[in-house]
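Predicted, not measured: the structure shown is a model, and the values here were computed from it. Naming convention: chains lettered A, B, ... in sequence-line order (proteins, then strands); numbering from 1 in each chain.
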There are 2 protein chains.
Amino acid sequence: MTAGNQEQQIELLTSTDDDHGGVIVELDKPMDSTTFVPILRASISHWKKQGKRGLWVKVPIHLVNLVEALVKEGFWYHHAEPNYLMLVHWIAESVNTIPANATHRVGVGALVSNEKGEILVVQEKTGHFQGTGYWKLPTGVVDEGEDINAAVVREVKEETGIDSEFVEVLAFRQSHKTFFEKSDLFFVCLLRPLTSDIKIQEVEIDAAKWMPFDEYAAQAWMEKYELMKHVNKIYLAKMNGWYSGLTPVSTTSLPSDDKISYLYLNAKGLKRCNSL
Amino acid sequence: MTAGNQEQQIELLTSTDDDHGGVIVELDKPMDSTTFVPILRASISHWKKQGKRGLWVKVPIHLVNLVEALVKEGFWYHHAEPNYLMLVHWIAESVNTIPANATHRVGVGALVSNEKGEILVVQEKTGHFQGTGYWKLPTGVVDEGEDINAAVVREVKEETGIDSEFVEVLAFRQSHKTFFEKSDLFFVCLLRPLTSDIKIQEVEIDAAKWMPFDEYAAQAWMEKYELMKHVNKIYLAKMNGWYSGLTPVSTTSLPSDDKISYLYLNAKGLKRCNSL
């Protein structure tokens, strides 16, 4: 792509338009920064004339040599992943409406409860409880693009070899500054086991077993963990039939959208109302 | 700080230990990369001898000239915010246990419901519904470090001038790839208004008013939005007294922790059980 008149035959960066009056550039061709700077300047000038507002430039890590030039031309960081850095620049006079970066990590904890009143517990090789002999619930992190109800089933399978079925989100906790400035959402989930033979993952897990809930809840360490005491009460209320958490219903968000998302709602409360 | 023997008087980077056998460096002093590289190499060599594993280097944007040197020495990107880039490097033989970056953005939608059976609705100046005349719920994004129950009250106040009190999370939706590769959690919240006089925020909002819920739910656009139809049913079930969402209870996560987090649970279900 070339621009006319003022930029006289200087090649411009290849860009695609976004839905908000901006452009997205994905750099891929290695070049030195002295070649890059005039191309970048001509491109910015071209986009300004077009009335563009937000400029997004995705720089793969092997083109790290171009990052300094972008910052010197007015770009700043938006987000980064191991293999790329996304920079942004707002070239309009209007108020900057560039959306914020992801702010939360999402974790899951599993109450896998069988018909004998036992739950699935583990001892981990690392972390707070390492070497203490305490039994705890399987927990894990939700991967990028992964559903909460799938993540908790995967974590249980990975750590203990147990297949399970998602029942509901019993509760969730939001906490802050858990990891630099980032926040954390932790979903406590109830699962129904589909198998019973445990096979532990040797790397992360020291031991796993089925444990009567009362014995689990009576462990001395529990007394100091206010959060876990709440979770234990919730579990008992659930077992007594009094408690409803939120269950996933698949839905679409937009009319044009073929992406299925899960909406987590109190299905029992909704059903009672609709059956009136 | 200086190292002995081999590194002979080469200054090392100032670092603090993290809780996982690693070190964190916050660069702040401007220098050119030819000065920086030998200091960085000597520091890495020193940390290797100490048996350190994960190395974290936070580079403020004004020191962007040092990023390329870090990548060439084996570092990669972990995350970025507008004013800094965090790089990591794993120098141990063991499996890399560097935690993942934040994966989710968190949004809120507000059902602010008064005693007359009206809800608070707005028309936005930008977005999907711009210029359509459709009335929708106030929505917004949860800031880094902000509680969900505070964020939704803040958004309602900002957009409409209405003071309100958080009641509960009625439901939440998780969706994927909403913003590059990132996922999204959207919490639908019930609020009780404390004031009634509307004062709109001119920048984002075209109009706001109290609208009978039936009239809101009967808008033609609603028919195409599966998610909103679910939310409407939930609202009606709630108004009929059949539905319980999750309400926040303040708690601490760790014994040593003085940080308060909110655990969102079905307080009604729990109360019924405990009163047996």
Select, from [options], the one with the greatest count of heavy-atom pairs under 4.5 Å involving chain A.
| options | answer |
| --- | --- |
| B:Gly245, B:Pro248, B:Ala100, B:Ala102 | B:Ala102 |
| B:Ile61, B:Ile24, B:Leu185, B:Leu265 | B:Ile61 |
| B:Tyr243, B:Tyr84, B:Phe186 | B:Tyr243 |
| B:His62, B:Glu68, B:Met86, B:Gln174 | B:Gln174 |
| B:Val141, B:Leu170, B:Ile148 | B:Ile148 |

**Item:** Heavy atoms of other groups near A:Lys72 NZ, more than 12 under 6.0 Å
**Value:**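 Open: at most 12 neighbouring heavy atoms sit under 6.0 Å from NZ of A:Lys72.
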**Request:** Assess whether atom NZ of B:Lys229 is packed by more than 12 heavy atoms of other residues, nucleotides or ligands within 6.0 Å.
**Result:**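 It does: B:Lys229 NZ has more than 12 such atoms within range.
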**Message:** Between B:His104 and A:Thr103, does the side chain to side chain contact (heavy atoms under 4.5 Å, CB included) criterion hold? Intermediate values first, please.
**Reply:** CA-CA 6 Å; B:His104 286 65; A:Thr103 49; over 6 Å; no
**Message:** Let's go through B:Asn266 and A:Trp242 carefully: what are the C-alpha distance in whole Å and the side-chain angles of both, what is the deciding distance for side chain to side chain contact (heavy atoms under 4.5 Å, CB included) to 0.1 Å, and is it a yes or a no?
**Reply:** CA-CA 10 Å; B:Asn266 181 343; A:Trp242 290 111; over 6 Å; no
**Prompt:** Taking only residues two or more places apart in sequence, or in another chain, which ones meet B:His176 in a ring-ring contact (aromatic ring centres under 6.0 Å, His included)?
**Reply:**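 For B:His176 there are no ring-ring contact (aromatic ring centres under 6.0 Å, His included) partners, ignoring immediate neighbours.
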Side chain, backbone, both or neither: which part of [X] has an atom under 4.5 Å from a heavy atom of chain B?
| X | answer |
| --- | --- |
| A:Leu70 | neither |
| A:Val67 | both |
| A:Val88 | neither |
| A:Glu146 | backbone |
| A:Val169 | side chain |
| A:Ser244 | both |

**Item:** Distance (rounded to the nearest 0.5 Å) between A:Leu263 CG and B:Arg173 CZ
**Value:**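 The CZ atom of B:Arg173 is 8.5 Å from CG of A:Leu263, to the nearest 0.5 Å.
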**Asked** Rounded to the nearest 0.5 Å, how far does OG of B:Ser261 lie from CG of A:Leu227?
**Response**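 Output value for this atom pair is 8.0 Å.
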**Prompt:** Name the one of A:Arg105, A:His79, A:Glu144, A:Glu81 that satisfies side chain to side chain contact (heavy atoms under 4.5 Å, CB included) with B:Asn101?
**Reply:**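 Checked A:Arg105, A:His79, A:Glu144, A:Glu81 against B:Asn101; only one passes side chain to side chain contact (heavy atoms under 4.5 Å, CB included): A:Glu81.
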**Prompt:** Any idea which heavy atoms bring A:Ala237 and B:Gly269 closest together, and the distance?
**Reply:**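 So the two residues come closest at CB-O, 4.3 Å.
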**Item:** Proximal component of B:Val142, with respect to chain A [non-hydrogen, under 4.5 Å]
**Value:**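 Answer is both: backbone and side chain atoms of B:Val142 are under 4.5 Å from chain A.
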**Item:** Which portion of B:Val71 sits near chain A, non-hydrogen atoms under 4.5 angstrom
**Value:**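 Just its side chain gets close to chain A.
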**Request:** Please determine, among A:Leu246, A:Asp147, A:Val106, the option with the most heavy-atom pairs under 4.5 Å with chain B.
**Result:**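 The candidate making the most pairs under 4.5 Å is A:Asp147.
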**Asked** Which one, A:Glu223, A:Met228, A:Lys182, leads in non-hydrogen pairs under 4.5 Å with chain B?
**Response**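 Heavy-atom pairs under 4.5 Å are most numerous for A:Lys182.
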**Item:** For A:Tyr262, all residues meeting side chain to side chain donor-acceptor pair (under 3.5 Å), sequence neighbours excluded
**Value:**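 Once residues adjacent in sequence are excluded, A:Tyr262 has no partner under the side chain to side chain donor-acceptor pair (under 3.5 Å) criterion.
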**Asked** Are the side chains of A:Tyr77 and B:Pro82 in touch, meaning some heavy atoms are under 4.5 Å apart?
**Response**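 Not in contact.
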**Prompt:** Taking the inter-plane angle between the rings of A:Phe172 and B:Phe187 on a 0 to 90° scale, is it parallel (under 30°), tilted (30 to 60°) or perpendicular (over 60°)?
**Reply:**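 Tilted: the ring planes of A:Phe172 and B:Phe187 meet at 30° to 60°.
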